[in-house]
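A short write-up of the structure that comes next.
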Amino acid sequence: MRPLTVAIPKGRVSKVLVPYFLQAGLDVSCLLEDDRKLIKESSDGSLRFLLLKPDDVPTYVEYGAADLGVSGRDVLLERRYDLYQLLDLGIGRCKMAVAAPCGAVIPDVPRVATKYARIATDYFAARGVQAEVVYVQGSVELAPLVGLAHLIVDIVETGATLRENNLEVREEICPISSLLVANRTQFKLRHREIEPLVQKLRAAVDAGTASKS
Ligand code: PRP
């Protein structure tokens with residue numbers, strides 16, 4: 001049988017993820033190797049990891065190129081994939097928020113710059129605010145500083161980017177963290193392999209949460 005394939009994001013999240021995998025007793029020494037390989041396999045051949053851009057993880061899982069994946073709630077909310085959400089890993093914690101220049105008066109029909117057009121559109125629509133949402137790819141905090149928008153909707157982690165650009169949180173939309181997701185068909189077909197893995201990861205997450213509190 002082919003190895004269970006897990007799509008994981010390269011970068012910040014993967015560094016936090018590896019200790020959880022190790023604590024769950026998974027053979028992830030391949031992820032500690034400093035190379036440019038995009039497919040890595042555990043030494044016993046039971047697990048295969050795909051190293052992806054974070055935004056691409058759910059796409060690989062939805063199409064079945066990976067059985068499981070680790071994806072931010074922000075990406076899942078924005079693009080609404082057809083996946084099972086198995087476990088909140090509680091890593092990469094941050095929040096989705098509305099921010100504005102400190103003290104700025106916001107018009108009744110604000111223009112909002114964001115990488116998360118759907119989240120922003122739904123959020124303002126639910127509040128009866130007729131916002132004009134403008135899509136930008138990054139450096140979102142710049143938009144209200146130069147007249148592109150009155151507000152932004154973006155991820156706030158430490159708050160440093162907002163502070164250093166003289167912006168402030170006006171409203172919190174939702175908390176964000178990384179979730180373990182599964183392809184719906186593979187979850188049913190490979191349930192016997194996936195379920196124990198989820199249990200081990202859940203125990204590692206619970207132990208990590210307990211040790212922090
Ligand atoms: C993210 C996010 C904010 C920043 C928030 O940007 O879009 O800009 O991090 O983090 P902070 O609250 O700790 O300052 P990212 O670094 O991913 O780059 P981007 O602006 O290109 O999206």
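In this chain, numbering begins with 1 at the start of the sequence shown. Please read these numbers as outputs of a predicted model, since none were measured by experiment. We count ligands from 1, going down the list as the structure has it; atoms in each ligand are counted the same way.
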> For ligand 1, which atoms sit closer than 4.0 Å to a heavy atom of Lys115?
Replying inline: 22 (O)
>> Return the closest protein heavy atom for atom 2 (C) of ligand 1 as residue, atom name and distance.
In response: Asp154 OD2, 3.4 Å
>> Quick check on Arg163 - does any of its heavy atoms sit under 4.0 Å from an atom of ligand 1?
In response: no
> Taking the side chain as C-beta and beyond, is there a heavy-atom pair between Tyr81 and Val61 under 4.5 Å?
Replying inline: no
> To the nearest 0.1 Å, how far is atom 9 (O) of ligand 1 from its closest protein heavy atom, and which atom is that?
Replying inline: Arg12 NH2, 4.5 Å
> Considering Leu162, Ile155, Thr158, which one's heavy-atom position lies nearest to atom 5 (C) of ligand 1?
Replying inline: Ile155
> Is the shortest heavy-atom distance from the side chain of Leu86 to the side chain of Val181 under 4.5 Å?
Replying inline: no
>> Could you check whether atom 16 (O) of ligand 1 has a protein contact, counting only heavy atoms that fall below 4.0 angstrom?
In response: yes
>> Could you identify the single nearest non-hydrogen protein atom to atom 8 (O) of ligand 1 and state the distance to 0.1 Å?
In response: Glu141 OE2, 2.6 Å
>> Closer than 4.0 Å to some heavy atom of Gly159 - which atoms of ligand 1 meet that?
In response: 11 (P), 12 (O), 13 (O)
>> Just so I know, are the side chains of Arg48 and Leu4 near enough to count as touching, which here means a heavy-atom distance under 4.5 Å?
In response: no
> If you count the non-hydrogen atoms of other residues, nucleotides and ligands that lie under 6.0 Å from CG in Asp44, is the total more than 12?
Replying inline: yes
> Does the side chain of Phe21 reach to within under 4.5 Å of the side chain of Leu31, using non-hydrogen atoms?
Replying inline: yes
> Who's the nearest protein heavy-atom neighbour of atom 19 (P) of ligand 1, and how far?
Replying inline: Ser139 N, 3.8 Å
> Quick one: do the Asp74 and Tyr116 side chains pair a donor with an acceptor below 3.5 Å?
Replying inline: yes
> For ligand 1, which atoms sit closer than 4.0 Å to a heavy atom of Thr161?
Replying inline: 4 (C), 5 (C), 10 (O), 11 (P), 14 (O)
>> Quick check on the hydrophobic clustering: are Val98 and Val112 connected, directly or via other members, by side-chain heavy-atom contacts under 4.5 Å?
In response: yes
